[in-house]
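A, B, ... follow the sequence lines: proteins, then strands. Residue 1 opens every chain. All of these numbers come straight from a predicted model, not from anything done at the bench.
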There are 6 protein chains.
Amino acid sequence: MPFVTVEMLEGRTLEQKRALVEKVTVAVEEAIGVPKERIHVFVKDLKKDEYAHAGVLTIDK
Amino acid sequence: MPFVTVEMLEGRTLEQKRALVEKVTVAVEEAIGVPKERIHVFVKDLKKDEYAHAGVLTIDK
Amino acid sequence: MPFVTVEMLEGRTLEQKRALVEKVTVAVEEAIGVPKERIHVFVKDLKKDEYAHAGVLTIDK
Amino acid sequence: MPFVTVEMLEGRTLEQKRALVEKVTVAVEEAIGVPKERIHVFVKDLKKDEYAHAGVLTIDK
Amino acid sequence: MPFVTVEMLEGRTLEQKRALVEKVTVAVEEAIGVPKERIHVFVKDLKKDEYAHAGVLTIDK
Amino acid sequence: MPFVTVEMLEGRTLEQKRALVEKVTVAVEEAIGVPKERIHVFVKDLKKDEYAHAGVLTIDK
């Protein structure tokens with residue numbers, strides 16, 4: 001513990017996902033003083049037909 | 001805010017997903033008086049081997 | 001199935017929550033043609049120190 | 001109710017998923033005395049670029 | 001990994017929760033052959049005004 | 001989008017939660033180049049009887 005889940009629009013590169021999990025882990029480590037060995041990060045891609053804002057799917061924007 | 005997540009069996013058409021996010025957004029707007037610009041809806045498909053009821057996967061029913 | 005989760009800022013009345021689950025259930029029923037007996041809705045309150053937008057907690061806004 | 005979600009690394013066979021939902025359902029039934037007809041289990045696969053421990057993606061280990 | 005989340009109506013005793021996490025962990029261990037040291041279980045209570053089936057909150061049933 | 005959820009053991013101060021959401025938002029901003037106005041962070045406390053590792057609740061460790 002802690003467990004961090006990031007949900008974001010699909011399309012990021014593996015490089016970006018590497019940077020994301022690394023920077024988020026450091027951020028959690030610094031903010032609440034937990035060693036990174038206890039930090040789990042999940043990265044979930046959202047397709048454009050899986051997310052809507054103000055009643056309209058991203059695919060339709 | 002608010003954030004709405006709908007998990008359902010895969011297989012719905014894009015048209016159905018459009019209707020779903022639109023109607024759910026209106027429902028939330030009417031029920032708790034939040035403008036639709038602040039309503040986020042996630043639609044997640046479940047495969048038949050990802051959901052079980054009474055101990056049996058949907059794929060086996 | 002389907003399963004709907006609504007996460008929103010705490011403070012709504014029981015009446016509002018009743019209207020919310022009822023209207024969301026009807027919305028799902030109409031949009032994807034599933035009978036309401038198969039629709040589950042979860043309503044989760046978020047405290048003001050549990051949600052941040054643009055790096056600032058709601059409690060600090 | 002109850003609802004159980006299992007998130008695990010992708011790659012398990014359908015047979016393993018069958019055993020998983022069955023055994024988890026029995027475990028819940030025995031532990032809290034709820035009939036299996038009221039137990040829902042979700043099984044979600046995580047890709048190797050979707051999970052990181054100690055700041056490193058599984059794909060990079 | 002894996003990560004198991006159990007959502008259930010509030011009211012279970014600590015004893016029941018102990019039995020739940022133990023039995024679910026064994027079930028996962030047996031089903032997919034992962035040592036229990038790598039199994040995380042979350043138990044989340046749902047209040048009666050947080051869950052609705054067929055458009056009606058549990059509190060109103 | 002993106003949406004970040006942090007689940008951690010209860011007990012952190014408001015100051016720590018402030019630092020957490022701020023640092024995590026900056027981390028996401030830097031890693032995938034999204035402006036912080038589009039980043040939402042949820043912080044969820046887990047009680048000691050809500051999380052188990054290796055079949056044992058934190059409350060029993």
Taking atom OG1 of E:Thr5 and atom NZ of D:Lys44, what is their separation to the nearest 0.5 Å? 9.5 Å

Heavy-atom contact with chain E under 4.5 Å, split by part of D:Phe42: neither

Quick one: which of E:Ile39, E:Val34, E:Val4, E:Ile32 gives a side chain to side chain contact (heavy atoms under 4.5 Å, CB included) with D:Met8? E:Ile32

Using every non-hydrogen atom in the two residues, find where D:Leu46 and E:Met1 come nearest and quote the distance to one decimal. CD1-SD, 3.3 Å

State, to 0.1 Å, how close D:Ala31 and E:Ala19 come at their nearest heavy-atom pair, and which atoms those are. CB-C, 3.8 Å

Here the pair of heavy atoms bringing E:Pro2 nearest to D:Val6 is CB-CG1, 4.4 Å

Between the CZ atom in E:Arg38 and the NE2 atom in D:His53, the distance rounded to the nearest 0.5 Å is 10.5 Å

